[in-house]
Amino acid sequence: MKKILFFLSFFCAVFFANSQNFSNWTGSGNWSNGGNWSSGTGYGQLQFLGAGNSTNCVNDVSGMSQWRLYFNGSVAYNLTGTGSVNLFDFGGQNSWVLSDASANQTINFQLISMMVGQDLPGLLPEVLVVLLLMEI
């Protein structure tokens, strides 16, 4: 009986360990450099919380898939680049770009909502949303 409980607890722990990635911008330069993020750019929420370089933050990854972009703190970020971010959620929840920061944020690259039939909150109702020099 103890062996069965051990194996069941092991399998449950493995499944619960798989969660959303929350990664903070901590560097300067290209997003493709995993060293610029606290835990890489795997699918999840990219956070801009005041660390790292705010003016040299370049999305050079085309078609990067992410759940959310989140800003907080008092730093104004200027996100630029030739890349794009596809926003979607595997579970059907809303994906969004949210700023709880006290400073304006500039996004100068393509954001694409992959949530068919759902809008990015507060943005245009098209499935494809292109934001150029949008301050949020």
The criterion is side chain to side chain donor-acceptor pair (under 3.5 Å); which residues satisfy it with [X], sequence neighbours excluded?
X: Trp31; answer: none
X: Asn86; answer: none
X: Ser32; answer: Asp60

Would [X] and [Y] count as having a side-chain donor-acceptor pair, cut-off 3.5 Å?
X: Ser39; Y: Asn21; result: yes
X: Thr80; Y: Asn108; result: no
X: Asn104; Y: Thr106; result: no

Just verifying a value: how many Å separate [X] [atom1] and [Y] [atom2], rounded to the nearest 0.5 Å?
X: Asn30; Y: Thr41; atom1: CG; atom2: OG1; value: 11.5 Å
X: Ser95; Y: Ile112; atom1: OG; atom2: CD1; value: 12.5 Å
X: Leu98; Y: Gln47; atom1: CG; atom2: CD; value: 10.5 Å
X: Ile107; Y: Asn59; atom1: CD1; atom2: CG; value: 10.0 Å
X: Phe48; Y: Ser23; atom1: CZ; atom2: OG; value: 9.0 Å

Of the non-hydrogen atoms in [X] and [Y], which two are nearest, and what is the gap between them?
X: Gln66; Y: Gln45; result: OE1-N, 4.2 Å
X: Gly35; Y: Thr26; result: O-OG1, 4.0 Å
X: Ser74; Y: Ser102; result: CA-OG, 3.4 Å

Between the main-chain N or O of [Y] and the side-chain N or O of [X], is there a donor-acceptor pair closer than 3.5 Å?
X: Asn53; Y: Thr55; result: yes
X: Ser84; Y: Gly63; result: yes
X: Gln105; Y: Val75; result: yes
X: Tyr77; Y: Asn56; result: no

State which residue, out of Asp89, Leu87, Leu46, fulfils the side-chain contact (heavy atoms from CB on, under 4.5 Å) condition with Trp67.
Asp89
So, do Phe88 and Ser113 sit near enough that their side-chain heavy atoms are less than 4.5 Å apart?
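Of all side-chain heavy-atom pairs linking Ser113 with Phe88, none is under 4.5 Å.
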Would you say the side chain of Trp25 lies within less than 4.5 Å of the side chain of Asn36, judging by non-hydrogen atoms?
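Result yes, sub-4.5 Å side-chain heavy-atom pair found.
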Working note: Leu49 + Phe71, criterion side-chain contact (heavy atoms from CB on, under 4.5 Å); need CA distance, chi angles, decisive distance, verdict.
CA-CA 6 Å; Leu49 306 178; Phe71 300 89; over 6 Å; no
Is there a chain of hydrophobic side chains (I, L, V, M, F, W, Y, each step under 4.5 Å between heavy atoms) that links Val61 to Trp37?
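Yes, same cluster.
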